[in-house]
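The structure appears right after this line, and notes come after that.
Proteins get letters first, then strands, A, B, ... in listed order; numbering begins at 1 in each. Hydrogens, waters and symmetry mates are skipped; everything else that's a heavy atom, side chains included, is used.
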Number of protein chains: 2
Amino acid sequence: MKHVSIKDIAKELSIAHSTVSRALNDKYDIKKETREKVLKKAEEMGYYPNPMAKKLKENKSFNIGVVVPEFRNAFFPDVILGIQDVLLSKGYQILIMQSNEDPIIEESNIRTLHENMVDGLIISLTADSHNVSFLKNLSNKNFPIVQFNRVSDKLETSKVVFDDYTWASFATEHLIKQGYKKILHFAASQDIALCKYREKGFINALKRHKLPCNKEQIVPSGLTIEDGKKAMEKVLESNMDFDAIFAVTDPTALGAMMVLKQHKIEIPERVGVVGFSESRLSQVIEPSLTSVKQPTFEMGQAAANLIIQEIETEVKVPQVMTLGGNFKVGKSSVRL
Amino acid sequence: MKHVSIKDIAKELSIAHSTVSRALNDKYDIKKETREKVLKKAEEMGYYPNPMAKKLKENKSFNIGVVVPEFRNAFFPDVILGIQDVLLSKGYQILIMQSNEDPIIEESNIRTLHENMVDGLIISLTADSHNVSFLKNLSNKNFPIVQFNRVSDKLETSKVVFDDYTWASFATEHLIKQGYKKILHFAASQDIALCKYREKGFINALKRHKLPCNKEQIVPSGLTIEDGKKAMEKVLESNMDFDAIFAVTDPTALGAMMVLKQHKIEIPERVGVVGFSESRLSQVIEPSLTSVKQPTFEMGQAAANLIIQEIETEVKVPQVMTLGGNFKVGKSSVRL
DNA sequence: AATTTTAACGGACACGTGTCCGAACACGTG
DNA sequence: CACGTGTTCGGACACGTGTCCGTTAAAATT
């Protein structure tokens, strides 16, 4: 059970531990025969370096903190797989924390990770992270931070984002081409940049096709199934006239669809629905949901590569990576 | 950016670093005034202990490895939330690794975690983990391991499991009471104990109600949506007579439902379907899926408490915790 | 053969923390 | 005043690793 140290090897061979260290690290000041003798003995005794000692010595934890707002949808687990894919191969571990969509927990998570001396932070903010002063403070002290997905304009770090504007515009256009004319957008908090851009993309598409674009068409909602349900119910109660919905996320779209189905409103015949990424439910629900697909795994890889670069080169030039996606047409938006 | 050490505080106050250490740890050999002076200075200089040094000194990483077979369904993320809930409050971090349902990757994950000197391991095995010799080896060396959910009978460690037998029996009985008579079980690998118990529970319920129970009724399938689809297609091709399905997991049930819907076979009128935990999709699909619910969060908490106990008391008495759940009746199994 | 160069290794130190032991001093008691 | 007792602190050491510097002995040069 006890760990074999280089001192144990040294004692066994009656040499100094510094010699063993040189042998294992393939340094100059060492005779070939000695080196081989040491390597053989190390193998024999089942030696492997104590990571704690190495971390203390190099003053580097080889840990990267990952903070995500939630764990309920498939989106963040998928991104984490991408992050892990890159970081593990480079000898880093990741510490994952989730904020439960609560900015208070989020800040506590960041503090915990920082006190545990992670070498860097990859973060996607909660919906209500107005106050990013703590992160800003860290960033100013040259602490490596990479934001992804839900990023803040107030925080100048490297970012990995999706081209929300273009794809929201594209998704809206798809509805227009299918003949829908009175399209609503179920929107969420403007504090999250991606929501803002999706809304702008929506508006732009309507204007380009000279369709009406009133304020009522932007329905305040949120990112969850519950938010979608509530917004849909409110719209139905108000007797608003509409024939399609472009929702800010898949869960929002799903919530809306569930309420529509309860009211026996046919999809896509009477109302067309298009969602946006973030959920695997979209393929299971009936009718299948038309949606923009984000490259989640690649997003994780990109974020990981950026943080590694920042840590290992120690130069901080914030760069923004914008990824593209693809459009998956389901039955929820295609009239026969 | 540089970390403030107790030596820095000592230098500042012109005392020995050992005195500072005593003051901060509230040990006896210290005068009150000195202690207060040190605490004040520490606060002032923004001191917090270097976790790496502590880990090296105590030969303890305060990290717990968590290995799960997949990340695609909500089940494991939910369990991890429970694990985190307990461990974070006790000063431990968790390193999460996923095995992608591959026993080779699984073993490599375990190795990586062990070489990083995690203090213990919480693990749920992949579907094909026949060979648990590496884990057995660790366990024999008194390395703390707790299994949950997918456990192996070949490995004697503490375990947190669900009472699969009872609840599978209960779920099957529900179908029987609804008047279904020719019930199939979509099963998965017998290497996973929970699959075995769910199958046994199914058989037991049929026998108790004196219903036919042939080998054909046990349909070999798997744990994923794809497995459910394939098995369902095979059953339909074979023209087997049946009126209900009890599936080993929710994804399996969902796959079956999707194929049934493609063939315009009405659920629950012509075929009733019941699933088993592990997915949040069940509430979204139409008709909503009747399913056994496991207390995922509590399962994580229980596993975390067991591992802490094993680490901190250093006595190893394998104990098995069996959790109960509840039964959520949806529309997929209720005939009007 | 005397001197310089080179190879190979041992010992000391450092990272930040915690603990053990002994020293210094104050205080009380005989 | 001498001795014992208790308090408070400094110094040395340890955890496992890596690096620097100095030392030794052998090889190469003059």
Can you tell me if B:D78 uses its side chain to pair, donor with acceptor, with the backbone of B:F297 under 3.5 Å?
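No, because the side chain of B:D78 does not come within donor-acceptor range (under 3.5 Å) of the backbone of B:F297.
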
Between A:D85 and A:L81, is there a donor-acceptor pair closer than 3.5 Å when you use the side chain of the first and the backbone of the second?
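Checking the backbone N and O of A:L81 against the side chain of A:D85, no donor-acceptor pair under 3.5 Å is found.
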
Between [X] and [Y] (salt bridge meaning N to carboxylate O under 4.0 Å), is one present in this structure?
X      : Y     : value
A:E101 : A:R72 : no
B:K41  : B:E44 : yes
B:K37  : B:E33 : no

Do any side-chain nitrogens or oxygens of A:N25 fall under 4.0 Å of OP1 or OP2 in D:dG18?
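A:N25 to D:dG18 OP1/OP2: side-chain N or O found under 4.0 Å.
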
Just the atom pairs and distances: protein N or O near nucleotides 25-27 of chain C's N or O, under 3.5 Å.
none

Stretch residues 42-54 of chain A: residues that reach within less than 4.0 Å of DNA chain D through a heavy atom
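Per residue number, the list reads A:Y47, A:P49, A:N50, A:A53, A:K54.
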
Counting only Watson-Crick or G-U wobble pairs whose two distances fall under 3.5 Å, which nucleotide matches C:dG30?
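When the pairing criteria are applied, D:dC1 turns out to be the nucleotide that pairs with C:dG30.
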
Give a yes or no on this: more than 12 heavy atoms of other residues, nucleotides or ligands lie within 6.0 Å of atom NZ of A:K136.
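Count not over threshold, so no.
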
Identify all pairs in which a protein N or O lies below 3.5 Å from an N or O of nucleotides 7-9 of chain D, and state each distance.
from  : atom 1 : to    : atom 2 : distance (Å)
D:dC9 : OP1    : B:T34 : OG1    : 2.6
D:dC9 : OP2    : B:K31 : N      : 2.9
D:dC9 : OP2    : B:T34 : OG1    : 3.3
D:dC9 : N4     : B:D29 : OD2    : 2.8

Could you check whether A:S5 gets within reach of a base, just the sugar-phosphate, or nothing at all, counting any heavy atom under 4.0 Å?
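A:S5: backbone/sugar contact only, no base atoms under 4.0 Å.
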
Can you figure out which of C:dG16, C:dG18, C:dC13 approaches the side chain of B:H17 most closely?
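In terms of side-chain proximity for B:H17, the closest of C:dG16, C:dG18, C:dC13 is C:dG18.
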
Going from OG on B:S61 to CD on A:Q93, what distance comes out if it is rounded to the nearest 0.5 angstrom?
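Going from OG on B:S61 over to CD on A:Q93, the span is 10.0 Å.
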
Provide the closest heavy-atom pair for B:S158 versus B:P318 in the form atom of the first, atom of the second, distance.
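Minimum heavy-atom contact is OG-CA, 3.6 Å.
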
